[in-house]
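Beneath this line is the structure, given in C-alpha cells, with notes to follow.
In listed order, ligands and their atoms are each counted from 1. By convention here, the first residue in the shown sequence is residue 1.
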Amino acid sequence: MAKIFGIDLGTTFSCIAYVDEYGKPVVIPNRENSPVTPSVVFFETADNVSVGEIAKQALQSDPDLVCTTIKRQMGNQDYTFYANDKEYKPETVSALILGKLAKDAAEKLGEPVENVVITCPAYFGLDEREATRKAGEIAGLNVLSIINEPTAAAISYGLDVTTPQTVMVYDLGGGTFDVTIIKVSNGVIEVVATGGDHHLGGKDWDQAIRDYFVDQYCAENGTTRDDVTANFELMADLEVKCEQAKVQLSERESTKLKAEGFRVELSREQFESLTRNLLENTIQKTNETMAEAQRKGVDKYDKILLVGGSTRMPQVMKILQETYPQIPIEFCDPDAAVAKGAAIFGVNMAAYPEAREAAGEAAPVVDAATQQAAEEITKTWGIGSGQQGPMVIRNVISKSIALELVDDDGQDKLFNQIFKNTAIPHTHTLRAGTIVDNQTQVHLAIFENDYAAGAVPGDIVPRDDAKLLTDGDMGPLPSGLPKGTLIEIDLKIDDQGLLAIDARHPESGVTKHLEVLLQNVMSEEQLNEAKEQVKGISIL
Ligand code: AMP
C-alpha cells in the first residue's frame, strides 16, 4: 500500500510531488525545506555523498568531487565520473539524486517512497529513457512510467482533457530549451511536434553577465581576458554571483555585482540587451517547431504554458507577448509543474489499473488516500465529466528514419522514410525493387538523423549526418529473378519508439526481420553492481 510520486529529474534542479487525498498535487520540500533540490552530487567520501544545496556549495572547495548536469550524459555509456578512486555511471549519479529526493520525501511524509513516475525531455531517445528508468531502479524505486516533461507540465496546468485544445509548452530551464506542441482531445494527450536547443538555458544568461563583468574588470585593471579567466577562484565565485545577479534582476531594475573588490552595476535593461540574441534564439526555435506543427494541421493555439526556472525572467513573457500577441500565456509554477503533472499522471494510472494491465504492465497497489486522490483528480482534471477513463499519452519520434537505397544513377543514398515528429505507433511500407538481374541478396541498412520532411532535396540525407541503427542481409532469393523484382519493407515503430524492420519478397515468401536494439544501456550485471554500489552509500 503506497502513494504514487512524480519526480522531475532535471538538469539543474529536481523536484518530487504527490497528489493529496483532495486531489491536489503537492510538492514535498527536501530536508533543507526547499521545494527543489539542485541536481548536484558531492562525493565527499566513497560511502558518503551529499546531494543538493550542500553539494552545490562544495563546487567551490572541492570541484573535482562534485558532479553537475549529469542528465546530459544519460544514455552515454562512455561517460564515467571518477571520485575517491571510484567510478560512477550516469545512471548511478542520477540514482543518488533520486535517492535524496525519495529519502527526504519519505522522512517528511513518514512513509516510504516506492512508486514513481519520472519525467524526461520529449527529445530523449530510447537509450536515454531506459537510462532514466534504470536510475530509478538503482535507487530502489518502482518506476511505473517515464513520461515527457512537457506532457507532465501540460497535465499539471489543469488541462481539461475533455476540451479539445492545442497548447505550446515553452520550457527554458538551466541548461536546455524545449518547445513542445501538444494536442488534447478525449483524454488523449498527443505530442504533435517538439524542438528546441539542448545547449541553451539559464546558464547562458549567467555567462553573459560573467562576460560583461570580465570585460569591465579588464578595462578597469588593464588585464587581459585570459588572465582573468585563468583565475579559477574568481571564476568560481563569479559563477555563483552571476546567477544570483540574474535572479535578482527578475525582481529588481538593477543589481550590483562584487568580486575581488571590484564592483559592477547592471540594470535590467542592460542585461536584456546583453542577452537579446539568446532570447531571440528561443523564438526562432519556437517558430521552427510551430512550422512543423502547421504541416500537421495545427494553426491555432489555445495557450502557451511557461515551464522552467528561467521563464521567471520578465524578458521571456515580454518577447512571447510581442511575438504571439493572440495566444494567452500561463505562468504559475515553473519549477514544480513537471513533478506535479507526473504525480497526477501516476495517480490516474492507479485509478485505471486495467489500462496498465492491458499494456502488459503491473498495476501499482495503492493506499486508500491515493484511491481517493485518484477519484478527486478524475473530477478535477475533467476526465470524470462524461469521459471516465485513463489519460492516454501519445508521442512522436524525435529522429527521422532513413533507408539506404540505390537511386536512378546507381548510387547508394540514404532516403528518409519516416520523419521526426511522426506520431507513434507508426508503420511505413516501402515498395522497392532489386537492382540487378539474378540478385540473390538484399542489403538492408537503417539510419537515424535530424532532417525534417523537405529539409534536404529529395529527402536524401548526407551520410555524415546520419547514424547507422542496424543492418543485415535478406536472402537467398530464388535465382533468375529479373532486375526490379518487388521487395516490400515495413518499418514499424511501436508506442515506446522501438523500431522493427520486416523485409519480404512476396513471391517466394523469403523474409528478413531486424530490430534496433537499445545500444547505450547498462547490462543486467552493471545494473546489479550499481544497485550494490548505491546501497553502500549514505546520502545526505
Ligand atoms: P530549471 O532547470 O527549470 O530548474 O531552471 C533552472 C534555471 O532557472 C537556472 O538557470 C536558474 O538560475 C533559473 N532561475 C530560477 N529562478 C530564476 C529567477 N527568479 N529569475 C531568473 N532565472 C531563474
Side-chain angles (χ1 to χ4, degrees), residues 6-17 27 29-30 34-40 51-53 55-57 59 68-72 74 94 97 100-101 118-124 148-150 152-154 156-157 169-180 196-210 238-255 257 266-268 270-272 274-275 278-279 281-282 305-320 331-342:
I7 298 184
D8 171 7
L9 184 58
T11 311
T12 43
F13 286 98
S14 295
C15 180
I16 181 165
V27 166
N30 61 19
S34 168
V36 293
T37 301
S39 306
V40 181
V51 176
E53 203 49 56
K56 213 173 162 185
Q57 282 161 17
L59 262 178
T68 61
T69 61
I70 191 64
K71 187 168 171 178
R72 291 191 186 288
M74 292 300 265
S94 296
I97 299 168
K100 156 83 175 170
L101 296 171
I118 306 177
T119 61
C120 74
Y123 63 81
F124 258 22
N148 288 339
E149 288 158 11
S156 89
Y157 272 90
V169 180
Y170 175 105
D171 178 354
L172 188 58
T176 56
F177 169 63
D178 295 302
V179 56
T180 312
D197 183 339
H198 310 156
H199 292 279
L200 178 66
K203 63 168 180 40
D204 297 297
W205 272 257
D206 304 348
Q207 174 80 35
I209 301 182
R210 204 151 61 229
L238 276 179
E239 188 164 341
V240 176
K241 287 185 171 154
C242 290
E243 187 184 1
Q244 285 167 351
K246 172 189 74 175
V247 169
Q248 278 171 2
L249 286 173
S250 292
E251 302 297 325
R252 308 210 311 239
E253 287 302 324
S254 80
T255 186
L257 194 61
L266 184 66
S267 71
R268 186 189 287 171
Q270 276 173 303
F271 172 57
E272 291 185 353
L274 289 173
T275 55
L278 300 172
L279 195 62
N281 216 338
T282 71
L305 305 179
L306 297 186
V307 184
S310 300
T311 58
R312 289 212 172 82
M313 294 186 292
Q315 53 177 270
V316 171
M317 179 71 109
K318 237 188 306 178
I319 200 164
L320 288 172
F331 174 90
C332 60
D333 204 353
D335 292 327
V338 171
K340 285 181 176 177

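For atom 16 (N) of ligand 1, the closest non-hydrogen atom on the protein side is Arg312 NH1, 3.5 Å. With respect to atom 4 (O) of ligand 1, the closest heavy atom belonging to the protein is Phe13 CD1, 3.2 Å. Among all non-hydrogen protein atoms, the one lying nearest atom 15 (C) of ligand 1 is Gly309 O, 3.7 Å. Scanning the protein for heavy atoms near atom 21 (C) of ligand 1, the closest one is Ser250 OG, 3.2 Å. The nearest heavy-atom contact from the protein to atom 22 (N) of ligand 1 is Lys246 CE, 3.6 Å. With respect to atom 12 (O) of ligand 1, the closest heavy atom belonging to the protein is Glu243 OE2, 2.5 Å.
Polar contact check, Gly174 against ligand 1: a nitrogen or oxygen pair lies under 3.5 Å apart. Taking only nitrogen or oxygen atoms, main chain and side chain alike, Asp206 does not reach within less than 3.5 Å of ligand 1. Checking only distances, Thr12 does come within under 3.5 Å of ligand 1, N or O to N or O.
Side-chain contact check for Pro35 versus Asp335: every heavy-atom pair is 4.5 Å or farther apart. Contact check for Ile97 versus Leu9: side-chain heavy atoms found under the 4.5 Å cut-off. Contact of the Glu239 side chain with the Asp206 side chain is not registered, since no non-hydrogen atoms from C-beta on lie closer than 4.5 Å.
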Show, in sequence, the C-alpha distance, side-chain angles and deciding distance for Asp178 and His198, and conclude whether the side-chain contact (heavy atoms from CB on, under 4.5 Å) test is met.
CA-CA 7 Å; Asp178 295 302; His198 310 156; 4.1 Å; yes

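Using modelled atom types, no side-chain atom of Arg268 and backbone atom of Pro314 make a donor-acceptor pair closer than 3.5 Å. Here the side chain of Ser156 pairs a donor or acceptor atom with the backbone of Ala337 at under 3.5 angstrom. With hydrogens and angles ignored, the 3.5 Å screen pairs no side-chain donor or acceptor of Thr275 with any backbone N or O of Leu278. In this structure a side-chain-to-backbone donor-acceptor pair under 3.5 Å is missing from Thr119 to Asn148.
Annotation for ligand 1: atoms under 4.0 Å from non-hydrogen atoms of Gly202 are 10 (O). Within ligand 1, the atoms closer than 4.0 Å to a non-hydrogen atom of Gly173 are 1 (P), 2 (O), 3 (O), 5 (O), 7 (C), numbered from 1 in the order shown. Residue Gly308 has at least one heavy-atom neighbour below 4.0 Å for each of these atoms of ligand 1: 3 (O). Atoms of ligand 1 found under 4.0 Å from any heavy atom of Met313, numbered from 1 in the order shown, are 21 (C). Within ligand 1, the atoms closer than 4.0 Å to a non-hydrogen atom of Ser310 are 7 (C), 8 (O), 10 (O), 13 (C), numbered from 1 in the order shown.
Heavy atoms only, all atoms of each residue included: Ala154 and Leu305 are closest at CA-CD1, 3.6 Å.
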